[in-house]
Q: 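Here it is: the structure, laid out below.
A, B, ... follow the sequence lines: proteins, then strands. Residue 1 opens every chain.
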There are 2 protein chains.
Amino acid sequence: MKNKKAPHIAVAIDCIVFGFDGTDLKLLLIQRGFNPELHKWSLMGGYVNPEESVDDASVRILHQLTGLQGVYLEQLHAFGAVQRDTTERTVSIAYFALIDIARYKQQLSADYHAEWFPIRDFPSLIFDHNEMVELAKKRLQYKAALHPVVFELLPQKFTLPQIQSMYDAVYEINFDKRNFSRKLLSTDLLIKLDEKDKLGSKKGAFYYTLNKDKYKENLYKIFSLIITPDNLQFL
Amino acid sequence: MKNKKAPHIAVAIDCIVFGFDGTDLKLLLIQRGFNPELHKWSLMGGYVNPEESVDDASVRILHQLTGLQGVYLEQLHAFGAVQRDTTERTVSIAYFALIDIARYKQQLSADYHAEWFPIRDFPSLIFDHNEMVELAKKRLQYKAALHPVVFELLPQKFTLPQIQSMYDAVYEINFDKRNFSRKLLSTDLLIKLDEKDKLGSKKGAFYYTLNKDKYKENLYKIFSLIITPDNLQFL
DNA sequence: CTATTAATTGTAATTTTGACATTTAATAGA
DNA sequence: TCTATTAAATGTCAAAATTACAATTAATAG
């Protein structure tokens, strides 16, 4: 009952930062500079202060530990096992961020000891952070199946091969490029530009941008873009 | 940084309990027996103890305040605004439960002052509980679009009209019964029984049960059962 | 000018959807 | 016993979407 005296518990934030570099999906990690677990890899974490909201704390902590600002950030899940933190009983509220790696290369200065790791090959993490990353991956797959949220991983201008690489990376499969592009273009969410990206190939691939006007009204068209029996894990 | 001294905050649980009675979707609420907000309606809530996990706390609190045990319970979201609780700064982790009202009528004894309200017409709630219910409704719609989780709302034996009433209630629309049943049956998730429910009509409607064997392997077939542009709100 | 590489575009059979009406099973009352 | 009533169950067809495939095009490098 809430009229009894409230026990107080440490409340922390942990941030899972996903990044895409045009080819691979990556995970941002930092090496701990203090005990316990000194020098081990971990997510960006910190405590929630009494005078700030949990959402504000996530923004502050991500910024303090990486320099990142203005990125897409969404609450994932509260992790509340009693022994999850060896220091003291701590409830951690995990957030995940989605960023275009190239765009935030400046912000992510060398002052911070944050490093990108391939999502398919990163070091073992402290506490229950591995579990957090696993859940975040699933949530991303889940959410992307119904929502064009993964465009947060792309630059403003992107090519069809890049989008497909992104979806391939998120779902860890290879979509048929003919069917994929047909379906994606049928959403009317993309605007084709005259410009081409000539870095990836001799022929070059046309740039596209998100059609902000149609973004909201056609959100639903992204539905079922991805869902197939074999590639979607469940929460 | 986590090596600083951790501030401690009250951590609470709030439970949104959805129930289905064969016709309508309902919400379980209790009337507060203490100040502040005495006699006002609220979700089932309580504090997380230092020696119990957050998940365990949600189970305990739901049981203590309603008598309900063994029901489907899933974490929804952590609510962390500074002023959300007028008593003191409290982070609340909301959970939602899905139950078949008839099945738990016994457990939900009169000892507890919990009452069912229609989801479309329930009293204004304390603190940010209205917001919690809104989010839970959306999450249920979202999740049900990809996952047969709403079967938790039905009894073991149910009729096609009952399932459709449930989906109609969850999405607040009326599906075409011919297309709905065709699609649902195509999933192979249901087993038709010989028995009929004669309460609802003269003709009676055949009972079905969930095919537990196919449940996991055919989970994906429930996909896109529901999704249409006009009935899905976004998180 | 030609070979190479990757982007772009195409097609046909199959399946699924969406919109719509009729038939069937059981009971209650004449 | 027959008939009216009520709600469940089932059927159809055109349109759209999906799937599984391969051929063409644009640009560069040698």
Q: What is the base-pairing partner of dG29(C), counting Watson-Crick and G-U wobble geometry with both distances under 3.5 Å?
A: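 Partner of dG29(C): dC2(D).
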Q: Tyr207(A) side chain to Lys192(A) main-chain N or O, any donor-acceptor pair under 3.5 Å?
A: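 Judged by distance alone, no pair lies under 3.5 Å.
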Q: Between Leu199(A) (CG) and dA6(C) (C1'), how many Å, whole number?
A: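 My rounded result for the distance is 14 Å.
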Q: May I have the distance from Leu185(A) (atom CG) to dG10(C) (atom P), rounded to whole angstrom?
A: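 Whole-Å distance recorded here is 12 Å.
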Q: Does a side-chain N-to-carboxylate-O contact under 4.0 Å join Asp176(A) and Arg178(A)?
A: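 Yes, Asp176(A) and Arg178(A) are salt-bridged.
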Q: Quick check on dA17(D): is either OP1 or OP2 less than 4.0 Å from any side-chain nitrogen or oxygen of Lys183(A)?
A: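 Looking at the OP1 and OP2 atoms of dA17(D), neither is under 4.0 Å from any side-chain N or O of Lys183(A).
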Q: Whole-Å distance between dA17(D) P and Leu184(A) CG?
A: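 Rounded to the whole Å, the gap is 15 Å.
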Q: Please list, chain by chain and in numerical order, all residues satisfying side-chain contact (heavy atoms from CB on, under 4.5 Å) with Pro155(B), sequence neighbours excluded.
A: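 Here the qualifying residues are Asp100(B).
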Q: dT8(C) P sits how many Å from Tyr207(A) OH, rounded?
A: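 The answer, rounded to whole Å, is 12 Å.
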Q: Mind calculating the distance between CZ (Phe175(A)) and P (dA20(D)) to the nearest angstrom?
A: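 Checked: the CZ to P distance equals 13 Å.
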Q: Please state how far atom CD in Glu195(B) lies from atom P in dA25(C), giving the value in whole angstrom units.
A: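 Nearest whole value for this atom pair: 19 Å.
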Q: Under the 3.5 angstrom rule, does the side chain of Arg32(A) hit a backbone N or O of Trp41(A) as a donor-acceptor pair?
A: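 Not a single qualifying donor-acceptor pair exists.
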Q: Compute the centroid of each ring, for Phe175(A) and then for Phe180(A), and state whether the two points are separated by less than 6.0 Å.
A: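 Ring centres of Phe180(A) and Phe175(A) closer than 6.0 Å.
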Q: In whole angstrom, what separates Asp197(A)'s CG from dA6(C)'s P?
A: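 Atom CG in Asp197(A) sits about 13 Å away from atom P in dA6(C).
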Q: What does the B/S/- profile of nucleotides 21-30 of chain D look like, 5' to 3', with a 4.0 Å heavy-atom cutoff to protein?
A: BB--BBBB--
Q: Check this for me: does any side-chain nitrogen of one of Arg84(B) and Asp14(B) sit under 4.0 Å from a carboxylate oxygen of the other?
A: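 Judged by the 4.0 Å cut-off on N to carboxylate O distance, Arg84(B) and Asp14(B) do form a salt bridge.
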Q: What is the nucleic acid contact for Thr159(A), judged by heavy atoms within less than 4.0 Å: base, sugar-phosphate only, or nothing?
A: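 No contact.
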Q: May I ask you to check whether Phe79(B) and Phe127(B) place their ring centers less than 6.0 Å from one another?
A: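 Between Phe127(B) and Phe79(B), which both carry aromatic rings, the centre distance is not below 6.0 Å.
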Q: Nearest whole Å is fine: how far is dA6(C) P from Ile163(A) CD1?
A: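 About 19 Å, once rounded to whole Å.
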